[in-house]
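Reviewing the structure listed below.
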Number of protein chains: 2
Amino acid sequence: MLNERVAAVARRLRERGYRFTPQRMAIVQAILESRNHPSAEEIYRQVSAVFPMISLATVYKTLEVLKDIGEIAELSVGGRTRYDGNPQPHIHLVCERCHSVTDWGGDMVSIPEEVLAASGFRSRYFHLEVHGLCPRCQAESRTEDDGA
Amino acid sequence: MLNERVAAVARRLRERGYRFTPQRMAIVQAILESRNHPSAEEIYRQVSAVFPMISLATVYKTLEVLKDIGEIAELSVGGRTRYDGNPQPHIHLVCERCHSVTDWGGDMVSIPEEVLAASGFRSRYFHLEVHGLCPRCQAESRTEDDGA
DNA sequence: CTGTGTGCAAATTATTTGCAACCCT
DNA sequence: AGGGTTGCAAATAATTTGCACACAG
């Protein structure tokens with residue numbers, strides 16, 4: 001449930017000495033409700049519907065705080081910075097055509113273990129991105145090929 | 001050998017109707033010689049040593065061309081855009097402390113196959129980033145803990 | 001010649017910072 | 001009162017674009 005996540009974020013914010021303001025609630029909800037790994041700008045537009053006076057600076061500052069407490073993750077995909085309401089490592093399917101970023105719910109793979117064993121690198125987390133065409137864009141490509 | 005790679009890039013550029021200019025050669029060399037997955041700015045500084053008159057705009061334009069012909073890859077790691085002279089998929093070890101990006105030479109894993117089977121996504125390539133501490137920064141952390 | 005490439009300067013875009021007013025505790 | 005928070009405006013960074021000149025094919 002989204003409300004549980006929101007409540008969890010609120011709790012964590014307060015634990016860490018931050019406040020949970022209406023603006024922050026709206027920002028958290030915008031991120032969690034979006035299927036799209038939204039950019040700061042997109043979050044801003046979304047939240048503006050509820051708080052017309054909110055500023056982009058507030059959005060950025062809040063994103064910084066949410067990253068700090070580990071409740072969201074920052075992604076940079078194709079030069080665009082985006083935010084992910086799920087801070088757990090998982091796989092992202094990145095569509096090269098429509099630029100959608102979809103989560104893959106399957107088990108996270110354990111490859112890094114072997115990588116790290118040999119490299120001397122100490123891993124904290126990893127991020128696997130698969131680039132290609134999402135099902136929708138595959139369909140559109142086919143349609144276009146037929147049509148044109 | 002680096003010269004072979006440079007020659008290959010030159011060939012590919014011409015095949016695609018682009019010219020291979022001294023500036024472009026210097027840019028390609030700067031990328032290939034760097035162990036560091038350099039940013040545009042870093043490439044610019046490096047090339048400036050040889051061509052003091054080169055402009056950042058030229059660097060950006062050339063990077064665009066090199067991406068277009070598939071001879072380099074663009075990376076965005078922690079909000080910074082960087083360039084990789086190896087366009088083949090491979091693993092990047094990203095140090096959270098010194099921000100170095102190291103290639104991991106091991107076999108590229110085959111996980112994505114299973115991911116794709118179920119998702120309907122058609123993959124072109126994937127990118128695995130492992131975040132953590134490189135061996136050098138691990139050592140420094142230990143030293144600091146002892147010292148301070 | 002003709003078109004591509006280069007360098008400069010200006011324009012955009014994205015993100016950060018300084019600061020005064022505000023609100024919660 | 002005190003400290004975190006907000007919104008605005010200005011400052012920074014990063015990247016792109018327009019344009020005139022240079023140069024290669």
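Sequence lines set the chain letters: A, B, ... in the order given, protein chains first and strands last, and positions in each chain run from 1. As the structure is a prediction and not an experimental result, all values here were calculated from the model.
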Measure the NE2-OG distance between B/His92 and B/Ser100 for me, rounded to the nearest 0.5 Å. 11.5 Å
Considering only heavy atoms and no angle criterion, is a donor-acceptor pair shorter than 3.5 Å present between the side chain of A/Arg19 and the base of D/dG4? yes
Interatomic distance, A/Arg82 CZ vs C/dA14 C1' [rounded to whole Å]: 15 Å
Out of curiosity, B/Arg82 CZ to B/Ser76 OG, how far, rounded to the nearest 0.5 Å? 11.0 Å
Rounded to the nearest Å, what distance is computed from the CZ atom of residue B/Arg24 to the P atom of nucleotide D/dC23? 16 Å
A/Ser39 near the nucleic acid: base, sugar-phosphate alone, or nothing, with a heavy-atom cut-off under 4.0 Å? nothing
Are A/Val65 and A/Leu75 connected in a single hydrophobic cluster, I mean Ile/Leu/Val/Met/Phe/Trp/Tyr linked by side-chain heavy atoms less than 4.5 Å apart? no
Short of 4.0 Å, heavy atom to strand atom, which residues of residues 51-69 of chain A count as contacting DNA chain C? A/Ala57, A/Tyr60, A/Lys61
Under the side-chain hydrogen bond (donor to acceptor under 3.5 Å, both in side chains) test, residues paired with B/Tyr18 that sit two or more places apart: B/Asp68
What is the nucleic acid contact for A/Arg80, judged by heavy atoms within less than 4.0 Å: base, sugar-phosphate only, or nothing? sugar-phosphate
For A/His131 and B/His127: C-alpha separation, side-chain torsions, deciding distance, then whether side chain to side chain donor-acceptor pair (under 3.5 Å) applies. CA-CA 8 Å; A/His131 292 249; B/His127 182 136; 5.6 Å; no
Within less than 4.0 Å of OP1 or OP2 of D/dT15, is there a side-chain N or O belonging to B/Thr81? yes
Whole angstrom value for the distance that separates P of C/dT25 from CG of A/Leu13: 13 Å
Atom pair distance, as rounded to whole Å: OH in A/Tyr44 and C1' in D/dT6: 13 Å
Note: for A/Pro22 and B/Glu41 on DNA chain D, the residue whose nearest nucleotide lies more 5' is A/Pro22
To the nearest 0.5 Å, atom CE of A/Met25 lies from atom OG1 of A/Thr62 at 13.0 Å
